[in-house]
Structure formats: C-alpha cells, structure tokens
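Please read all numbers here as calculations on a predicted model, not as lab measurements. All chains are named by letter (A, B, ...) in the order of the sequence lines, taking the proteins before the strands, and each is independently numbered beginning at 1.
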Amino acid sequence: MKTRVLMFGWEFPPYNSGGLGVACHGLTKALVSQDITITFVLPKRMGLKGDIPHILFADDDILNIHQIDTLLYPYITSSKYIDERQSIKGGYGKNLFDEVYRYALHARRIAQQEQFDIIHAHEWLSFPAGLAAKSVSGKPLIVHVHATEYDRSGGNINPMVFNIEWEALQKADEIIAVSEYTKQIIIDQYGISPNKITVVHNGVTPFDDNRQPLIDKPFSLAELKQSGAKIVLFVGRLTLQKGPDYFLQAAKKVLEFEPNTYFLIAGSGDMERELIEKTAQLGISDKVFFTGFLRGEDLKKVYRSADLFVLSSVSEPFGITTLESMINGTPVLVSKQSGVAGALQHALKVDFWDIDEMANKMLAVLMYRPLMQSLSENGYQEAQKFTWQQAAEKCIRIYERLVKN
Amino acid sequence: MPSVCLYFQVHQPRRLKQYRIFDIGKDHSYFNEKSETNRNNQAIIKKIAQKCYLPANKLLLKLLKKYPTFRITYSFSGVFLDQLEEYYPEVLKSFQELVETGHVEILSETYYHSLSFLYSVDEFIHQIKLHSKRIEEVFGVKPKIFRNTELIYNNDIGKIVGSLGYKGVLAEGADHILQWRSPNYLYKHPEINLPLLLKNYKLSDDIAFRFSSKDWPEYPLTADKFSQWISALQNEDIACLFMDYETFGEHQWEDTGIFNFLGALPEEILKNQNIDFITPSEAVKRYKPVAELDIPEYVSWADTERDLSAWLSNPMQHDAAFKLYAMEEDVLDSGDKQLIEDWRRLQTSDHFYYMCTKWFADGDVHKYFNPYESPYEAFITFMNVLKDLKLRLSKTDQIMIEDIKEKLVQLTTN
C-alpha cells in the first residue's frame with residue numbers, strides 16, 4: 001500500500017518569499033513521483049484555489065493542498081511588513097504566535113478527518129501543527145528543519161520561537177536536517193541526540209541544459225558584459241542572517257583593485273534601506289545594483305550573467321541559491337558558516353567575517369580565468385548530484401522505518 | 001637470484017604561505033609562514049624529523065653497521081637539503097653519517113624537484129648540475145644514476161640524461177609500459193645505452209601503502225613474510241622497492257610497527273643466501289638489460305594513472321606552469337639572485353600537485369598531503385605570488401633600462 005503522508009508547510013511557489021517554498025515544492029513533487037501520497041497543508045489562503053494541484057502537478061489529484069485562512073509571515077523580512085515590524089519589538093508579527101497555534105488547532109481537525117501514516121512538518125511555524133496532529137492521531141512525526149532560530153536571528157534569539165522548536169525537536173520521532181551544519185546546531189544548541197537526526201540535502205532543479213549567458217536585459221547586463229565588466233552576484237533576503245553588509249565591504253576592497261566590476265544584489269528585506277545608505281557611504285553606489293526580489297527567468301538571467309556568486313551568510317542552514325548558481329555554470333564563493341560549504345568540494349569557501357579573504361577570493365576568480373573555468377565546469381558537474389529524487393529517497397527510507405515500528 | 005634495491009625519495013617542498021592579492025607589491029617573502037598551520041615549513045621539517053628522519057636514520061645506521069652487505073639508496077632534493085641546513089642541521093648530519101658507511105648511494109635529480117623537463121631542457125640540465133654540485137658539497141660523492149621528480153620518465157628524458165653521462169635511470173614499472181614483461185629485470189633505452197631500473201610497484205606499495213591496512217588480506221605484514229615474497233622471485237634479477245622515505249614513521253606511524261618491520265627486514269632477507277641487497281650503480285654493473293623498453297609517453301609513480309595528471313591535468317595547473325616558465329628568459333636575464341631563487345622554488349612539483357582536482361580516484365591521498373583547503377586555494381596563492389614576482393621583474397627591468405640609458409648618456413657625452 002502507498003505510504004500516506006500528512007505534510008505541513010507554510011509557503012508554496014509562486015507565493016514564496018525564499019528557499020523554503022522552493023524546497024517544499026521540489027521535495028513534494030519528487031515524493032509523489034516515487035509513489036507517496038501526500039496531503040499538503042498550508043496555513044494561509046494564497047490564492048491557490050480550485051484546481052491548484054493540477055497546476056502544480058499536471059498529472060492528477062494525488063497531491064491535495066489544504067489551505068487555512070490565516071495570516072502568517074514566516075520571515076521578519078518581507079518588505080511589506082517593515083512597518084508592522086518597526087512597531088513591534090522582537091521581529092515577529094504581533095499575531096504570529098496566535099496564528100501558529102490557530103494553525104495547530106486546524107491541524108488537529110485535519111488530522112481527525114484525513115487518512116495518513118506519517119506526519120511531516122516543515123519549519124517551526126508548522127511544528128505545533130505537526131505536534132497537534134501527532135497527539136490526536138498517534139502517528140509518527142518527522143520535523144524537517146530548514147533553518148533554526150539561531151540562523152534566523154543572528155544571535156538575538158526569540159525565546160518563544162526557540163521553545164516551539166525545542167519542544168518539537170524533543171517530541172518528534174525523527175528529525176530531518178538540511179545539512180551537517182544544521183544537524184550540529186540541533187545537537188549543540190537544542191541538546192538533541194544525533195541518533196535521531198538524519199541529514200537530507202536539498203536538491204536543485206535544473207533551469208534548462210543551456211549554460212550560455214543570456215544576452216538579454218534586465219539592468220543592461222548584456223551591455224556591461226560586452227564592455228568587459230565583471231559581475232559579482234548576491235542572491236538572498238536582505239537580512240542580517242545573509243550577511244549582505246559583509247558582501248558590500250568586500251565589494252569595496254575588490255573595486256580598489258578591479259574598478260570595472262559590478263555587484264548585483266538580488267533580494268529584498270528589512271536591511272534594504274540601510275544597505276543602500278551603506279553603499280553610498282562606501283562610495284560605491286555606481287557599482288552596486290539592487291534588483292529587488294527576482295524569480296524565474298529574471299533570476300536565471302542574473303545567475304548566468306554573473307562571473308561569481310557569493311553566499312556571505314552569517315549562518316545558513318543550506319543555501320540553495322548556491323546550487324542554483326552552480327547549475328547555471330557560475331562559480332561560487334560560500335560562507336563557511338553554511339550547510340552547502342560542508343557539502344561541496346568545488347566551491348571557494350571563506351569565513352563570513354573575513355572581509356580580506358572574501359575580497360581576495362572574489363578578485364582571484366575575476367582575475368584568473370582558469371580558476372573561473374575550473375570552478376564553473378566542476379561546480380556544474382557537482383551540483384547535478386543534488387537532486388530532489390535523491391532527497392525523496394532518503395525521506396522514504398525514514399518513512400518506511402517509522403511505519404514499521 | 002634476485003637482488004633487492006631499496007630506494008627512498010627524501011623531499012620536502014618549500015610551501016607557499018598565505019599570500020593574498022593585497023600582498024602583491026608589498027611582501028616578497030613567499031615561503032616563511034610562521035603560523036601554526038601546515039604551511040609552516042620549519043614546523044613541518046621538525047615534525048617529520050622527529051617522527052621519521054631521525055629514528056629511521058638511527059635504525060638504518062645500526063643495520064648498515066651490523067650487516068656489511070646491506071645497501072640503501074636515497075635521493076635528496078636540493079630544496080630539502082637547504083631546509084635541513086636552515087632548520088635542522090642535526091638531521092643533515094645523520095644523513096651524512098649514513099653515507100659515510102660507503103654502503104649508501106645517492107641519486108641525481110633536479111635541484112628543485114621540478115617539472116622543468118616538460119618546459120625547458122636548459123633549465124632541466126641546469127638544475128641537475130646544481131644538484132650534483134650540492135650533493136658533492138654535502139656528501140662528498142658524485143651521483144651516477146639519475147631519477148627524475150616523482151619518477152617521471154620517457155625516452156626523451158632518457159636521451160638527455162644519457163648525454164649527461166649518467167649510467168642508469170630509475171622509472172616506474174607501470175603495467176601499461178611493461179605489459180606482459182616483468183619489472184624484475186633491467187631494461188634499456190631503445191636508442192642509447194642507458195639501463196632502466198623499474199619499480200616493482202606491487203611489492204613497494206605493500207610496504208608504502210598497505211602496510212597498516214587492516215582490510216588487506218595479508219595484514220599484518222611481517223619481515224619474514226615479505227622476504228618469502230622476495231625469494232619467490234628466484235629466477236629473476238632484481239626487486240626494486242622504491243618509496244617515499246616518509247613511509248617510515250610519517251605515512252605509516254611508529255605504532256603500526258613499521259620500524260620493527262624495517263629493523264627485521266635485512267636479517268630476514270639475508271637468511272636466504274641467494275638474495276642480497278644492491279644499489280643502482282652496482283645493479284647496472286652486475287646485470288645486463290634483458291630487452292629494450294620503448295617509453296614514448298610520460299610515466300610517473302603518482303596515483304593510479306601513473307602519468308602526469310597529478311601535476312598537469314586541469315586548466316589551473318597548465319596555466320600556472322605555463323606562466324611560470326614563460327618568465328624564464330626574463331628572470332635569468334635579470335641577474336637578480338633572489339628573484340631567480342624564488343622563481344626556481346616555485347617550480348617545485350608539489351605546488352602543482354596541490355592544485356589537482358582529480359578528487360574521485362585519488363582524492364584522499366591528495367587531500368592528505370595538501371596544506372591548502374582546496375586545489376583552488378593552492379592556485380590562488382600561487383598566482384598571487386607569481387604576480388608579485390612579475391612585478392619585481394618589471395622593476396628590475398626598469399632599473400636595467402635606466403642603467404643602460406645612463407651609460408649611453410655617458411658614452412655620448414664623452
């Protein structure tokens with residue numbers, strides 16, 4: 001009989017603000033293709049109405065999406081909520097915790113109605129929902145950690161979020177961590193036994209087979225490239241966690257050596273204003289472009305136009321944008337404080353705080369062509385190994401083990 | 001009746017220190033890492049001396065004195081001898097004592113343990129001569145047998161080495177050059193009269209790589225067992241056991257029993273009266289080559305491929321080596337001794353080995369010996385240093401031009 005999974009998430013493309021929605025989508029799709037029946041529960045009506053499953057997965061109604069009408073904002077950063085955030089201390093929306101528990105109440109009802117063998121909950125907002133479903137059904141619970149409060153807060157831990165995470169990690173039957181890096185945080189900061197934690201790397205979906213730079217605009221990238229300029233790319237939310245300020249400081253140093261370099265910052269977030277001001281202070285405003293949040297074709301274009309992608313995160317559980325960059329043939333320089341750093345060989349690595357070394361490595365890629373070529377080719381090959389099918393297989397092995405017990 | 005030829009390569013490169021783009025034009029000392037990293041050459045020499053050179057030398061001296069027919073052979077790179085002199089003269093002295101027994105042969109090689117043959121025959125010959133001079137200074141003997149960096153060899157190398165008067169060459173007994181033939185005989189160059197001694201890689205690797213491997217069916221390897229394998233070669237001439245000297249105490253730690261094995265080996269082998277030890281010079285006198293061996297392609301002792309791919313297989317390695325040797329004429333013309341010395345130190349093959357990206361088959365070995373976090377870091381450091389070297393070169397050029405201008409002015413005014 002098919003294994004039936006009740007899955008709790010909080011966002012789904014195209015209504016995602018970051019990597020989590022992409023990951024849930026990729027994993028779910030691969031699980032369904034490997035004969036797992038999934039009921040995917042979302043906390044918020046996102047306009048995914050009517051025949052959404054058919055749009056997401058052309059085949060049939062194997063995947064059911066439940067939506068609960070609440071307002072939840074997973075990240076502190078989405079620019080829409082800046083005003084709200086500024087009025088409240090602590091960084092999370094004022095009704096957020098109410099909504100998390102309201103989601104859990106709905107989860108209890110859904111768990112009573114649905115038929116399933118396993119509960120699989122993504123990220124802290126859905127952990128209480130997962131726990132509620134476990135308590136009414138007695139079915140095993142897997143919590144899937146895509147990020148911890150340690151990563152998100154940049155050291156300024158919200159105790160309520162920490163407690164929700166801690167409780168779920170304690171009570172879960174199994175924990176999936178997206179990297180060894182995250183597994184270590186769960187062990188060290190939450191005191192969880194390593195035996196209960198399995199690492200399942202995220203996968204990456206190839207955009208298409210063509211790695212050629214796209215000679216298309218936006219932002220007159222094509223013209224810049226034709227003039228011999230080099231492009232360094234940052235993709236991510238503009239928050240402390242992603243370290244965009246370190247990226248800018250390194251950019252300043254690079255420009256002293258290679259003035260014909262441009263820095264692209266693709267993303268939005270609560271630090272945007274601050275970063276634009278900082279760029280002006282550093283005197284590099286003419287060399288740094290803020291593109292806002294990009295997706296789809298636009299994102300693909302910037303990946304392929306870039307000579308180097310930089311992940312400057314202070315604490316990054318995985319770093320899916322790194323793989324997206326590699327699969328587009330662009331070399332990567334990643335923070336050692338990231339999950340991908342431990343999973344990759346064909347990437348340059350640097351401590352996020354080591355501005356000199358970050359600039360040194362950026363310059364090396366821009367100046368030494370064989371380095372750029374080797375990283376591009378080897379990185380492209382290496383990124384192919386991160387597939388959602390493989391991630392799904394690992395999850396299925398966990399499902400089988402839990403169902404047996 | 002086989003003779004056992006026991007040869008050890010002794011070499012340590014001068015590793016480059018952490019050198020960033022921002023250091024270019026400001027810092028011209030490339031090899032003086034002081035931090036407690038594995039780029040600190042002095043610390044590495046000290047560590048390996050304690051674990052390997054000193055205890056192994058002591059043991060071998062004892063064995064040479066005890067068994068008058070025991071023989072061993074070494075190659076010392078010039079960069080290694082320089083570092084011993086600078087950091088640990090006591091070790092140099094212990095090697096000298098070994099050579100003084102008269103039962104130790106020293107081989108010729110390039111001073112800088114370089115890949116120079118591939119890029120510049122002039123530089124290759126020059127480094128061989130520099131090395132020979134240095135060996136004579138330090139040990140009072142003149143090398144007669146040649147072995148190139150990491151046993152890199154082909155017909156062309158053989159020809160040049162033969163023309164320099166060497167009486168034989170060591171090479172890897174790789175399957176793809178020997179095919180059905182045995183490595184346990186001397187062979188000769190197809191065109192000139194130059195004997196080749198070929199490494200028996202199976203028996204060599206039994207000691208160098210497999211000795212402490214518990215997955216190996218022959219584990220544990222004893223001197224008794226090993227000498228039985230040697231005596232099984234009864235109708236053949238020679239068993240060439242070639243390996244890194246660091247096998248003893250560094251690659252195979254003391255607690256694996258490697259020193260006990262080495263200590264018992266001469267006695268076990270000499271128990272069989274048909275077997276003796278031999279140096280390469282003695283071997284080329286005693287044994288006749290059984291056939292010509294045509295080796296048009298490069299062969300080496302590195303990795304499973306046994307070719308040049310450990311040093312030259314990716315675009316970074318090719319680019320770094322090409323750019324380095326492209327400076328040859330200008331560097332030598334500069335007459336700047338320190339500049340020439342630095343340029344030559346950069347030729348040491350290890351720098352290119354560290355840039356190797358063949359992770360998959362031999363990744364572990366490369367990682368183990370790599371003082372850099374990745375091949376990419378090795379390349380970045382090397383290229384930054386090369387940029388500084390170029391800058392120095394352009395400055396000496398400028399000085400020379402000014403000098404000539406001045407002289408011209410003097411000439412015309414006189």
Review point. side-chain contact (heavy atoms from CB on, under 4.5 Å) between A/L371 and B/D319: does it pass, once the steps are laid out?
Key: CA-CA 10 Å; A/L371 177 66; B/D319 186 61; over 6 Å; no
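Salt bridge B/R20/A/E357: present, at least one basic N to carboxylate O contact under 4.0 Å. A salt bridge links B/E377 to A/K361: at least one charged side-chain nitrogen sits closer than 4.0 Å to a carboxylate oxygen.
Here A/L344 contributes atom CG and B/S374 contributes atom OG; the two are 11.5 Å apart, rounded to the nearest 0.5 Å. Separation of atoms CG (A/L375) and CE (B/M316) is listed at 6.5 Å; rounding is to 0.5 Å. Atom CG in A/N378 sits 5.0 Å away from atom OG1 in B/T357 (nearest 0.5 Å). In this structure, NZ in B/K387 is found 4.0 Å from CE in A/M367, a value given to the nearest 0.5 Å.
When all heavy atoms of A/H346 and B/Y376 are compared, the closest pair comes out as ND1-OH, 2.6 Å. Closest heavy-atom contact between B/I21 and A/A364: CD1-N, 3.7 Å. When all heavy atoms of A/Q373 and B/P315 are compared, the closest pair comes out as OE1-CB, 4.1 Å. The minimum heavy-atom distance between A/N360 and B/F22, with the atom names listed, is N-CE1, 3.8 Å.
Along residues 337-349 of chain B, no residue comes nearer than 4.5 angstrom to chain A, judged on non-hydrogen atoms.
Within a 6.0 Å sphere centred on CD of A/Q384, heavy atoms belonging to other residues, nucleotides or ligands number more than 12. Remark: A/L240 CG is loosely packed, at most 12 non-hydrogen atoms of other residues, nucleotides or ligands lying under 6.0 Å away.
Of the atoms belonging to B/Q18, it is side-chain heavy atoms, and not backbone ones, that fall under 4.5 Å from chain A. Both the backbone and the side chain of A/L363 come within less than 4.5 Å of a heavy atom in chain B.
B/N384 and A/Y368 share a side-chain donor-acceptor pair at under 3.5 Å.
Counting heavy atoms from C-beta outward, A/S374 and B/F379 have side chains that stay 4.5 Å or more apart.
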